[in-house]
2 protein chains.
Amino acid sequence: MKLSTKGRYAVTAMLDLALHTGKGPITLAEVSGRQHISLSYLEQLFARLRKANLVDSIRGPGGGYELKRPATQISIAEVVLAVNEPITATRCNGKGDCQSGDVCLSHQLWSELSDQIYQFLSGITLDHVIQRDFVQQVAERQNVRFREEDLIAFG
Amino acid sequence: MKLSTKGRYAVTAMLDLALHTGKGPITLAEVSGRQHISLSYLEQLFARLRKANLVDSIRGPGGGYELKRPATQISIAEVVLAVNEPITATRCNGKGDCQSGDVCLSHQLWSELSDQIYQFLSGITLDHVIQRDFVQQVAERQNVRFREEDLIAFG
DNA sequence: TCATACCCGAGTAATTTAGTCAACTTTAGA
DNA sequence: TCTAAAGTTGACTAAATTACTCGGGTATGA
C-alpha cells in the first residue's frame with residue numbers, strides 16, 4: 001500500500017465528486033477550481049479512475065464525470081490503488097535467492113503489515129469520510145473481523 | 001500520513017533490529033547485508049531514527065545500533081514519521097484565501113482521514129508485527145472487528 | 001457547426017528516493 | 001598507544017516519481 005500526495009489528490013477529487021452528486025456530471029474544470037489541482041493533472045488522474053471503473057465520463061457540452069457507483073460503495077483503498085502503479089516487488093521476491101531466513105521474514109512481515117493497511121482503507125468508503133463519523137462507523141457499523149489465516153501476502 | 005518505499009525501508013530495518021535484540025549492538029553492515037539496503041542509505045535513515053529517539057547508537061568497534069525502547073513500545077507510525085518530511089500543508093492552509101467552503105471541506109475531510117490512518121498505525125508496534133498475530137491484537141486493542149467476506153485480494 | 005468537455009500522448013521541471021564518496025570522530029582491543 | 005571498527009556528517013548524483021504544460025485530437029448538445 002502506498003500513500004502519497006498523488007493518492008491524496010485522487011481521494012480529494014473523488015470526495016469533491018461525491019459531495020456534488022445529483023446535480024449531473026461535474027467537469028474537471030470545476031474540480032480543478034475548487035480543489036486547486038491543475039486541470040491536466042486531473043485529466044491524468046481521471047483517466048486512471050475511469051479505467052478502474054470508479055467514474056463514468058460524459059463527453060460533449062454539459063458533460064463531465066460522475067461516480068460509477070454510489071459513494072457508499074467506493075473505498076479509499078480502491079481510489080488510491082487506481083492512481084498508483086503497483087508497488088515494485090521486494091527484490092528477493094520470485095527469485096529463489098534469499099532463503100537465508102532473515103530477509104524473507106522481514107519482507108513477509110512488511111507484506112502482512114501492508115495488507116493490514118490495505119484492509120483498513122478498504123473499510124472506509126467515500127461516504128464514510130463525507131459523513132465524518134467514519135471513526136465510529138468503521139469500528140462498529142461495519143463490524144468486520146479479521147482472522148489471521150485469511151492474511152494473504154502480497155508484494 | 002505518507003507511506004512510501006522509504007518508510008518501508010525504515011520499518012524493515014527496525015524490524016531487523018527488533019528481531020536481533022539481546023545480542024548487543026547491530027551494525028548497519030549487518031542490516032544492509034540481511035535486508036539488501038545500501039549501507040549509506042541506511043546511515044541516512046538511521047540518522048533520522050536516532051534524532052527521533054527510536055534507536056541508540058554505540059560508536060567504535062563492537063558498536064552499532066539498538067532499539068531505544070522495547071519493540072512493544074515503538075509504533076509503525078513513529079518509524080514512518082521519523083524518516084519522512086512532514087507532509088506539505090494543503091495549499092489553502094493557514095492562508096485565509098479559501099473560505100469558499102468546498103475547498104476547505106475536502107481538505108478537512110482528507111485531514112481527518114489521514115489522522116485515522118495515523119491512529120491505525122500508531123496502534124501497531126514492532127512487536128505486534130514480529131509476533132504476527134497483530135491482527136488480533138490490533139483488533140482487540142482498537143476494538144475494531146472485521147468480517148471475513150470483506151477481504152478482497154488485490155495486486 | 002461550434003463551443004464544450006473529455007481524450008491522449010509527448011515533453012518537462014521539481015521533488016523525492018536511493019545511493020556514492022570522502023573525510024571525520026569515537027572507542028575497543030591488540 | 002596505535003589501529004581498525006564503527007558511527008557521523010555533508011556534498012554530490014542518478015533514477016524515479018510527482019505535478020504540470022502543451023498541443024492536438026474526438027464526441028456531442030445546442
Side-chain angles (χ1 to χ4, degrees), chain A residues 2-13 17 20 23-33 35-52 54-68 80-91, chain B residues 1-13 17 23-33 35-52 54-68 80-91:
Chain A
K2 192 169 147 190
L3 276 182
S4 63
T5 52
K6 193 172 188 176
R8 191 185 76 196
Y9 279 137
V11 171
T12 301
L17 243 60
H20 296 87
K23 304 168 197 167
I26 297 150
T27 69
L28 291 190
E30 291 176 66
V31 179
S32 172
Q35 306 302 335
H36 297 134
I37 308 169
S38 96
L39 180 58
S40 301
Y41 196 42
L42 277 176
E43 282 174 353
Q44 288 175 43
L45 295 178
F46 274 79
R48 286 167 176 272
L49 294 172
R50 196 171 64 93
K51 276 175 196 156
L54 295 177
V55 294
D56 265 333
S57 67
I58 296 95
R59 299 177 73 151
Y65 286 94
E66 41 192 36
L67 299 182
K68 188 142 194 165
V80 170
L81 230 59
V83 297
N84 283 330
E85 299 298 331
I87 58 172
T88 55
T90 48
R91 288 178 214 201
Chain B
M1 207 60 205
K2 192 170 147 191
L3 274 184
S4 63
T5 52
K6 193 174 188 175
R8 191 185 76 194
Y9 279 138
V11 171
T12 301
L17 243 60
K23 303 168 197 166
I26 296 149
T27 69
L28 292 190
E30 291 176 65
V31 178
S32 172
Q35 306 302 333
H36 298 134
I37 308 170
S38 95
L39 181 57
S40 300
Y41 195 43
L42 278 176
E43 283 172 354
Q44 288 176 43
L45 295 178
F46 274 79
R48 286 167 177 272
L49 293 172
R50 197 170 65 93
K51 277 175 193 156
L54 295 177
V55 295
D56 265 334
S57 66
I58 295 97
R59 299 178 73 152
Y65 286 93
E66 42 193 34
L67 299 182
K68 188 143 191 165
V80 170
L81 230 61
V83 298
N84 283 331
E85 299 298 332
I87 57 170
T88 55
T90 49
R91 288 178 214 202

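Lettering of chains follows the sequences in order, A, B, ..., and the numbering in each one begins at 1.
Nucleic acid contact class of A:L39 (heavy atoms, under 4.0 Å, all strands): none. Within the 4.0 angstrom heavy-atom criterion, no nucleotide atom of any strand lies near B:F46. Within the 4.0 angstrom heavy-atom criterion, only backbone atoms of the sugar-phosphate kind lie near A:S57; the bases stay farther away.
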B:R8 and B:L3: CA distance, side-chain angles, deciding distance, side chain to side chain contact (heavy atoms under 4.5 Å, CB included) verdict: CA-CA 8 Å; B:R8 191 185 76 194; B:L3 274 184; over 6 Å; no
Side chain to side chain contact (heavy atoms under 4.5 Å, CB included) between A:N84 and A:R48, worked out: CA-CA 9 Å; A:N84 283 330; A:R48 286 167 176 272; over 6 Å; no
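Between B:S40 and the phosphate of C:dC21, there is no side-chain N or O to OP1/OP2 separation shorter than 4.0 Å. Residue B:K2 places at least one side-chain N or O closer than 4.0 Å to OP1 or OP2 of C:dT17.
In terms of heavy atoms, A:A29 sits closest to A:L39 at N-CD1, 3.8 Å. A pairwise comparison of heavy atoms in A:Q35 and A:T12 identifies OE1-CG2, 3.4 Å as the closest pair.
Rounded to an integer number of Å, the gap from A:L3 CG to D:dT17 C1' is 15 Å. When the C1' atom of C:dC6 is taken as reference, atom CG of A:L49 falls 14 Å away, rounded to whole Å. Rounding to whole angstrom units, CD of residue B:E66 and P of D:dA6 are separated by 14 Å. Put simply, NZ on B:K68 is 15 Å from C1' on D:dG7, counting in whole angstrom units. Across the protein-nucleic acid pair, B:L28 atom CG and D:dA6 atom P stand 11 Å apart, rounded to whole Å. When the C1' atom of C:dC7 is taken as reference, atom CG of A:D56 falls 15 Å away, rounded to whole Å. For the pair A:L45 CG and D:dA19 P, the computed distance is 9 Å after rounding to whole Å. At whole-Å resolution of the value, CD in B:E30 and P in D:dG7 are 9 Å apart.
No side-chain heavy atom of A:Y65 sits under 4.5 Å from any side-chain heavy atom of A:L42. Side-chain contact between A:K68 and A:D56 is present, with heavy atoms from C-beta onward closer than 4.5 Å.
In this structure, B:S4 and A:R50 both approach DNA chain C, and ranking their closest nucleotides by distance from the 5' end singles out A:R50.
Among the nucleotides D:dT21, C:dG19, D:dA19, the one closest to the side chain of A:Y41 is D:dA19. Minimum atom distance to the side chain of B:S38 is reached by C:dG19, of the listed C:dG19, C:dC6, C:dA18.
For C:dC8, the base has no donor-acceptor partner in the side chain of A:Q44 [N/O atoms by modelled type, under 3.5 angstrom]. One can find a donor-acceptor pair under 3.5 Å joining the base of C:dC8 and the side-chain atoms of A:E43.
Distance CD/A:E66 to CD1/A:I58: 4.0 Å, rounded to 0.5 Å. To the nearest 0.5 Å, the span separating CZ on B:R50 from CG on B:L45 amounts to 14.0 Å.
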Shorter than 3.5 Å, N or O on both sides, protein versus nucleotides 28-30 of chain C: list them out with atom names.
none

